[in-house]
Participant: 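Attaching a single structure in structure tokens format; questions to follow.
Numbering of ligands and ligand atoms starts at 1, following listing order.
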Amino acid sequence: MVNSAAPISFRTTPHPAPVPGATRAEAIADPGFGTIFTDHMVVIEYTAGKGWHDATVGPRQPIPLDPAAAVLHYAQEIFEGLKAYRLADGGMALFRPTENAARFNRSAQRLAMPTLPQDLFVEAIRQLVAVDKDWFPSVEGGSLYIRPFMFASEAFLGVRPARQFKFVVIASPVGNYFKSGAPAVSIWISSDYARAAPGGTGAAKCGGNYAASLVPQAEAIARGHDQVVFLDAAEHKWVEELGGMNLFFVMDDGQVVTPPLTGTILPGITRDSLLQLLRDEGRAVSEEPYSVQQWQDDARSGRLVECFACGTAAVVTAVGNVAGEDTEFTIGSGQAGPLTNHLRAQLTGIQRGEQPDPHSWILRLD
Ligand SMILES: *Cc1c(COP(=O)(O)O)cnc(C)c1O
């Protein structure tokens, strides 16, 4: 698919009636997660044969869409999620945004969508954060959650890759995912549903994967748990991940295990960063399949001392209890263990410029 090689410049239209300062101040003092939005958005158009064009930063508003737009019928849609952080010195920064750009393009390729130059992806975020910087949450531990996404806007009901797309970036001030510290979560092993199958779209960040995870997630909630964990679709034996977070297991000899990226697991940037931090500390880490039977046996024997889930939104979250159709077990004390807490502190420390950044993961925005 065509990618315009020429640099694209953004046309900026400030919001004619932005949210009043007092209303905004109230919103950013207690933003919650994903319910309030900034004043602006970025839109870049794509047309087959022409490439990416008409990049705008303008008022956040509804997007006109033909009822035959392919995304509404065949779900040709992908997204990313990253945060702008407030640094200790008052500046702002993104965490490994080129990793999001690269993953976005891998998702695009899997969904037969055009790729976007990585520089353009990062520049779009830069532009939005610059125009909406007053929306940065005032609450301790807050950040500006950035949601880039792309969808097929062409009006066409035939089944083939669309020829028109929109790339959009919106932003949402968010507070601490967990208000009072980080409690351990309880998770439900789904035995009736799978998230991703070999050859499917499990490694792509596409809306369709989330649509398919809603029923099992609701089942987990109905049974009194916080999250669902999916097993592999072929054997229903291997632990894969949660609906939107990767999983790690910590053994009593210090070894750390996480399932390998074999195509059915979303390659989390938090996952990758934690693997790097663990290796930097000289820990034994292995990316290998871990069965649900082993999980139960290790939790019961005490070999498994900690288990945590990780992702951009909730960072690092301890898993305290696990239940399934015919099992139930507690991991360690049922609370966040020392390595879980250490890794969360380490990662958030780097993201906020309070810890050294040996891998240059931080991209300053000022
Ligand atoms: C986004 C996502 C993750 C976490 O990825 P991060 O880059 O760490 O935020 C994990 N699993 C799924 C299914 C996801 O969509």
Side-chain angles (χ1 to χ4, degrees), residues 33-34 75 77-85 94-108 110-111 118 121-122 125 143-150 171-172 174 177 182 185 187 190 193-198 200-217 220 226-233 238-249 258-278 287 307-317 319 340 343-344 346-348 350-351 359 361-363:
F33 193 92
E77 190 270 353
I78 58 169
F79 67 95
E80 271 302 326
L82 66 162
K83 287 172 172 171
Y85 299 91
L94 300 174
F95 182 73
R96 308 186 73 184
T98 53
E99 294 297 319
N100 294 92
R103 184 171 68 188
F104 193 67
N105 282 340
R106 291 196 303 273
S107 299
R110 180 63 186 83
L111 276 284
Q118 291 193 15
F121 179 97
V122 176
I125 296 170
S143 54
L144 202 54
Y145 184 81
I146 316 283
R147 170 55 59 89
F149 60 104
M150 191 211 306
S172 172
V174 298
Y177 203 81
V185 296
I187 61 184
S190 179
Y193 301 99
R195 193 194 78 92
T201 57
K205 216 168 169 69
C206 60
N209 289 343
Y210 277 73
S213 75
L214 298 177
V215 163
Q217 172 64 30
D226 302 300
Q227 290 279 331
V228 62
V229 59
F230 292 101
L231 305 180
D232 75 292
W238 307 103
V239 184
E240 295 212 314
E241 62 169 317
L242 309 189
M245 283 190 270
N246 297 116
L247 273 179
F248 279 75
F249 308 93
T258 192
L261 302 177
T262 53
T264 52
I265 290 179
L266 198 289
I269 295 163
T270 316
R271 173 189 181 278
D272 185 74
S273 306
L274 294 178
L275 283 173
Q276 185 64 53
L277 292 178
L278 288 163
E287 295 174 69
C307 173
F308 59 85
C310 67
T312 297
V315 198
V316 175
T317 304
V319 174
T340 302
L343 286 172
R344 186 193 306 106
Q346 183 82 1
L347 188 62
T348 55
I350 295 171
Q351 289 165 337
H359 300 286
W361 283 341
I362 287 298
L363 178 73

Participant: Carefully, step by step, assess E77 and K205 under the rule salt bridge (Lys or Arg N to Asp or Glu O under 4.0 Å).
Facilitator: CA-CA 9 Å; E77 190 270 353; K205 216 168 169 69; over 6 Å; no

Participant: Which of parallel (below 30°), tilted (30 to 60°) and perpendicular (above 60°) describes F121 and F104?
Facilitator: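 Correct class here is tilted.
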
Participant: Would you indicate whether the side-chain heavy atoms of L144 and V174 approach each other to under 4.5 Å?
Facilitator: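 The answer is no, as the side chains (C-beta and beyond) never meet within the 4.5 Å cut-off.
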
Participant: Just the distances, no angles: every ligand 1 N or O to protein N or O pair closer than 3.5 Å, one line each.
Facilitator:
| from | atom 1 | to | atom 2 | distance (Å) |
| --- | --- | --- | --- | --- |
| ligand 1 | 7 (O) | R103 | NH1 | 2.8 |
| ligand 1 | 7 (O) | R103 | NH2 | 3.1 |
| ligand 1 | 7 (O) | I269 | N | 2.8 |
| ligand 1 | 8 (O) | I269 | N | 3.3 |
| ligand 1 | 8 (O) | T270 | N | 2.9 |
| ligand 1 | 8 (O) | T270 | OG1 | 2.6 |
| ligand 1 | 9 (O) | T312 | N | 2.9 |
| ligand 1 | 9 (O) | T312 | OG1 | 2.6 |
| ligand 1 | 11 (N) | E241 | OE1 | 2.6 |
| ligand 1 | 15 (O) | K205 | NZ | 2.7 |
| ligand 1 | 15 (O) | Y210 | OH | 2.5 |

Participant: For residues Y210 and F79, establish whether the separation of their ring centroids is below 6.0 Å.
Facilitator: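 Yes, close enough.
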
Participant: Using only heavy-atom distances, determine whether the side chains of Y145 and R147 contain a donor-acceptor pair under 3.5 Å.
Facilitator: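 Result is yes, a qualifying pair exists.
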
Participant: Do T258 and N246 pair up side chain to side chain, a donor and an acceptor below 3.5 Å, judged on atom types alone?
Facilitator: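 Checked: T258/N246 side chains show no N/O donor-acceptor pair below 3.5 Å.
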
